[in-house]
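See structure below.
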Amino acid sequence: KFFFKSNQTKFHTVSQLERKMGDWQEGFCGCFSDIKSCLFSWFCPCLQYGWNAEDGKVTTLIDDSSLYVFTPHHKHNTHLTRSLSLHSMMNTLLFIGFCIFGLACVAVGLQRGAIRKKYGIDGTPVMDFLLSCFLGCCVQSQNAREIHGRS
């Protein structure tokens, strides 16, 4: 288990810290409750990033809300049978660009922050960035599960 030191010199486990942050309906280490998002987050994170942007209707890198008018939004498609809309394709390509320059954690951290803002979840940009840098695939999987759990 990971331990974090708080201001009161107590040590908290990750699960205690999550409960303290509150409002995340999906646990950080609950990847196996949705095996598809877990696998896509680990083996094809570019697609998962694009789908999270589309499904959650969160804008992190591209202000493309007008694209929803021109592309169908498939709410309940599975990851294996869904197509890429223009919205998710643009976010996927932009994520690949961030990966090329070693900045994938910045994009994932921004997306996590946008999801927190949309759903009113407590947290800080610093924690989003740190989690995204060291556990980016887990963050993407949690983002996907949170979006689907709230839709």
Side-chain angles (χ1 to χ4, degrees), residues 1-2 4 13-15 17-19 21-151:
K1 290 185 175 181
F2 296 100
F4 297 95
T13 63
V14 171
S15 60
L17 185 64
E18 283 179 357
R19 273 185 258 133
M21 283 174 59
D23 295 338
W24 282 101
Q25 291 180 352
E26 298 294 326
F28 186 74
C29 298
C31 308
F32 297 110
S33 65
D34 179 9
I35 196 70
K36 289 178 185 172
S37 72
C38 178
L39 291 174
F40 273 94
S41 293
W42 279 95
F43 297 109
C44 201
C46 305
L47 287 175
Q48 187 63 58
Y49 182 87
W51 288 330
N52 286 349
E54 179 182 9
D55 293 344
K57 293 185 177 87
V58 291
T59 300
T60 56
L61 302 173
I62 301 173
D63 186 14
D64 53 359
S65 56
S66 60
L67 293 176
Y68 285 109
V69 175
F70 303 109
T71 58
H73 181 65
H74 303 290
K75 185 176 181 179
H76 296 292
N77 282 347
T78 63
H79 288 308
L80 297 176
T81 60
R82 69 187 295 176
S83 61
L84 283 174
S85 71
L86 185 57
H87 180 264
S88 60
M89 204 177 319
M90 288 179 69
N91 277 286
T92 297
L93 292 173
L94 196 53
F95 183 77
I96 290 170
F98 269 73
C99 290
I100 290 170
F101 293 104
L103 298 173
C105 60
V106 172
V108 174
L110 288 172
Q111 188 176 69
R112 181 179 172 88
I115 290 168
R116 276 192 315 96
K117 183 178 178 182
K118 178 178 180 176
Y119 296 124
I121 298 171
D122 292 333
T124 64
V126 172
M127 186 60 106
D128 294 338
F129 178 73
L130 289 174
L131 287 171
S132 298
C133 283
F134 296 107
L135 300 164
C137 295
C138 296
V139 169
Q140 287 217 73
S141 180
Q142 182 187 28
N143 289 349
R145 288 180 284 112
E146 190 72 27
I147 289 166
H148 292 127
R150 291 181 185 249
S151 60

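Note that the numbering runs from 1 along the sequence shown for the chain.
Here the OH atom belonging to Tyr49 is positioned 9.5 Å from the CG atom belonging to Asn143, to the nearest 0.5 angstrom. Atom CD in Glu146 sits 12.5 Å away from atom CG in Asp34 (nearest 0.5 Å). Remark: Leu39 CG to Cys44 SG distance equals 11.0 Å, nearest 0.5 Å. Distance CG/Leu131 to SG/Cys105: 11.5 Å, rounded to 0.5 Å. To the nearest 0.5 Å, atoms CD (Glu54) and OG1 (Thr92) are separated by 9.0 Å.
In this structure, the side chains of Ile115 and Trp24 come closer than 4.5 Å at one or more pairs of heavy atoms. In this structure, Phe95 and Gln111 have side chains that are not in contact, with every pair of non-hydrogen atoms separated by 4.5 Å or more.
Nearest approach of Cys46 to Ile96, heavy atoms of both residues: SG-CG1, 3.4 Å. Contact between Phe129 and Val106 at its shortest, heavy atoms only, is CE1-CG2, 3.9 Å.
The list of salt bridge (Lys or Arg N to Asp or Glu O under 4.0 Å) pairs with a residue in residues 88-99, not counting sequence neighbours, is empty.
No donor-acceptor pair under 3.5 Å is formed between the side chain of Arg112 and the backbone N or O of Ser132. Here the side chain of Arg145 pairs a donor or acceptor atom with the backbone of Gly27 at under 3.5 angstrom. Judged by distance alone, the side chain of Glu26 and the main-chain N or O of Gln142 form no donor-acceptor pair under 3.5 Å. With hydrogens and angles ignored, the 3.5 Å screen pairs a side-chain donor or acceptor of Ser41 with a backbone N or O of Ser37.
Ring geometry, Trp51 versus Phe40: the interplanar angle exceeds 60°, so the pair is classed perpendicular (tilted spans 30 to 60°).
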Taking it one step at a time, do Asn52 and Gln48 satisfy side chain to side chain contact (heavy atoms under 4.5 Å, CB included)? CA-CA 6 Å; Asn52 286 349; Gln48 187 63 58; 2.8 Å; yes
